[in-house]
Amino acid sequence: QVQLVESGGGLVQSGGSLMLSCAASGAVFNIDDMNWYRQAPGKERELVATITKGGAANYADSVKGRFTASRDNAKNMLYLQMSSLKPEDTAIYYCNAVLITSDYRRDNNYWGKGTLVTVSL
């Protein structure tokens, strides 16, 4: 089992920056990819960024060039640096971990409780 706790959300003006953090604990040695998702009011949860154990990241088109995901495997931390924020970035941001199970399956059912980011005009 892995526990994930996000932090760093808050209220920021359009054009501003914010860094989110996600602390992982528990069976962290089984963590493979980690993801940031977000869910805006009335919308489905969407994938924002994926980062491999080796640090390679991919981004949704809507955040490419503005958001940067990183991770510190030694500290069991995941980060999301967000810049040039827009009102449409307003959402609850969730940390997600993909674990490799004992029978080598990928289990992506580990989620934090989320942190709210609100971008004002």
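Quick note: residue numbers are just sequence positions, from 1.
- For the pair V117 and L20, the minimum side-chain heavy-atom distance is below 4.5 Å.
- Remark: L116 CG to T90 OG1 distance equals 8.0 Å, nearest 0.5 Å.
- Between Y104 and I100, the closest heavy-atom pair is CA-CG2, 4.0 Å.
- M34 and V48 fall within the same hydrophobic cluster, where Ile, Leu, Val, Met, Phe, Trp and Tyr residues are linked whenever their side-chain heavy atoms come under 4.5 Å apart, directly or through other members.
- For the side-chain contact (heavy atoms from CB on, under 4.5 Å) with N35, the lone residue among I51, N58, N96 that qualifies is N96.
- Put simply, Y37 and I92 are part of the same group of oily side chains (I, L, V, M, F, W, Y) that touch within less than 4.5 Å, one to the next.
- In this structure, the side chains of E6 and S21 stay at 4.5 Å or more apart for every pair of heavy atoms.
- With a 4.5 Å cut-off on side-chain heavy atoms, V2 and L99 count as touching.
- Taking hydrophobic clusters as Ile, Leu, Val, Met, Phe, Trp and Tyr residues chained together by side-chain heavy-atom distances below 4.5 Å, M19 does not share a cluster with V63.
- Within the 4.5 Å cutoff, side-chain heavy atoms of C22 are placed close to those of W36.
- Between R38 and S62, the closest side-chain pair of non-hydrogen atoms falls below 4.5 Å.
- Counting heavy atoms from C-beta outward, V98 and I31 have side chains that stay 4.5 Å or more apart.
- For the pairing with D32, the salt bridge (charged side-chain N to carboxylate O under 4.0 Å, His left out) check across R105, R106, K53 returns one residue only, R106.
- A 4.5 Å side-chain heavy-atom check between Y79 and D72 finds at least one atom pair inside the cut-off.
- Heavy-atom contacts from other residues, nucleotides or ligands closer than 6.0 Å to NZ of K113 number 12 or fewer.
- Hydrophobic clustering (ILVMFWY, side-chain heavy atoms < 4.5 Å, transitive): L4 and L78 are in one cluster.
- Taking SG from C95 and CZ from R71, the interatomic distance works out to 9.5 Å, rounded to the nearest 0.5 Å.
- None of Q81, M82, R66 except one satisfies the side-chain contact (heavy atoms from CB on, under 4.5 Å) rule with S17; the exception is Q81.
- Tracing side-chain contacts under 4.5 Å through hydrophobic residues (I, L, V, M, F, W, Y), one reaches V119 starting from L18; they form part of the same cluster.
- Contact annotation: the side chain of Y94 approaches that of Q39 to within less than 4.5 Å [non-hydrogen atoms, C-beta and beyond].
- Expressed to the nearest 0.5 Å, how far CG of N76 lies from OG of S25 amounts to 8.5 Å.
- Within the structure, the salt bridge (charged side-chain N to carboxylate O under 4.0 Å, His left out) test picks out no pair touching residues 73-88 (sequence neighbours left out).
- Taking the six-membered ring where the residue is Trp, F67 and Y93 present tilted rings, their angle falling between 30° and 60°.
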